[in-house]
Amino acid sequence: MSFFNYSSTLFSGMSTGATSFTGMLGEYNQIKSGTYGKLLKAYYKKYNADGTTKSSATDKNKTTNKVKSGSDTVDTVKELDKVAEKATSLQTAAMKLAAVKEGSSSLYAKKTIVDTNQDGTTSTRTDYDYDTLVKSVKSFVSAYNETLDSVKTVASPSVQQKTQWMTQLTGQYKDELSAVGISVNKDGRMELNEETFRGKEMPELQKFFEGTDSVLGKLARKASNLAGAAELQSTKAASAYTAAGSNYKPDSMNSGTLFDSLF
């Protein structure tokens, strides 16, 4: 009895599904001949260390690292995570301005302010803290613009849709925002006119910014929806590619699957 016939009989019970010991011997011969090594090199040459695809010479002027999933466009994890991060920061900044707080903890309440005079002495007064409020508004404006910037490289329809809903809301309140010193230009970005802002009475600013139904409260919810959409697509992208092949599925490493991926 030849070794092949003996081994086939001995291990006949080890066959599971389409994978038999005969197939295992075939895989072994490919490894021994060096075919597997060449195959793996060709396979992983297509990917960067972070699992994203490399662009070919013919595609260098096209958008890269985009693949399609069942219902949406999956961008790179890095791009989508950035959108989620910026949108979350925007949500936090908007909620800070919209938060309803009592007493001195409110951004819009009078506080005890200590001023440093030119001669180095200090004086105390009770007044509205415009400095702290302006700082919070600047953070909000910056977070809004950075969120828009982060979405520019993302093709996901769901992420783009959530962004559109957010910018549409901003457009609806464009005149009201401008009245308190926050302009919205034609490309959707915001800019704070500090002089106009400081010229407004604090109760007027409080009425405009504070509350869940205020423009800031609504924008916080839109930002939260955008962050959620980006996080969902990031999960899809992470499942599409694995870093350096470290989390491959065992059944994806047979020669047939590897050959198919190269052609």
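Numbers for residues simply follow the sequence, beginning at 1. All heavy atoms count here, side chains included; hydrogens, waters and symmetry mates do not.
- The line from CG of Leu90 to CE of Met95 is 11.5 Å long, rounded to the nearest 0.5 Å.
- To the nearest 0.5 angstrom, Met190 atom CE is 12.0 Å from Ser142 atom OG.
- Aromatic ring pairs are classed by plane angle as parallel below 30°, tilted from 30° to 60° and perpendicular above 60°; the pair Phe209 and Phe197 is tilted.
- Annotation: Lys96, atom NZ; neighbour count of heavy atoms from other residues, nucleotides and ligands within 6.0 Å does not exceed 12.
- Lys207 pairs by the side chain to side chain contact (heavy atoms under 4.5 Å, CB included) definition with nothing, not counting sequence neighbours.
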Given side-chain hydrogen bond (donor to acceptor under 3.5 Å, both in side chains), test Thr76 with Glu79 step by step and report yes or no. CA-CA 5 Å; Thr76 63; Glu79 289 172 325; 3.0 Å; yes
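- Each of Val180, Leu97, Leu107 was compared with Leu205 under the side chain to side chain contact (heavy atoms under 4.5 Å, CB included) criterion, and only Val180 meets it.
- No hydrogens or angles considered: nothing links the side chains of Tyr128 and Lys111 as a donor-acceptor pair under 3.5 Å.
- Lys86 places no side-chain N or O within 3.5 Å of a backbone atom of Asn145 that could act as its donor or acceptor partner.
- For Glu191, the CD atom is loosely surrounded, since the number of other residues' heavy atoms within 6.0 Å does not exceed 12.
- Gln161 CD to Met166 CE: the interatomic distance, rounded to the nearest 0.5 Å, is 13.5 Å.
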When you look at Arg198 and Asp131, which way does the side-chain contact (heavy atoms from CB on, under 4.5 Å) test go after all the steps? CA-CA 9 Å; Arg198 288 181 179 271; Asp131 290 342; 2.8 Å; yes
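- Between Leu226 atom CG and Ser158 atom OG the span is 9.0 Å, to the nearest 0.5 Å.
- Rounded to the nearest 0.5 angstrom, Asp127 CG and Met202 CE are separated by 8.0 Å.
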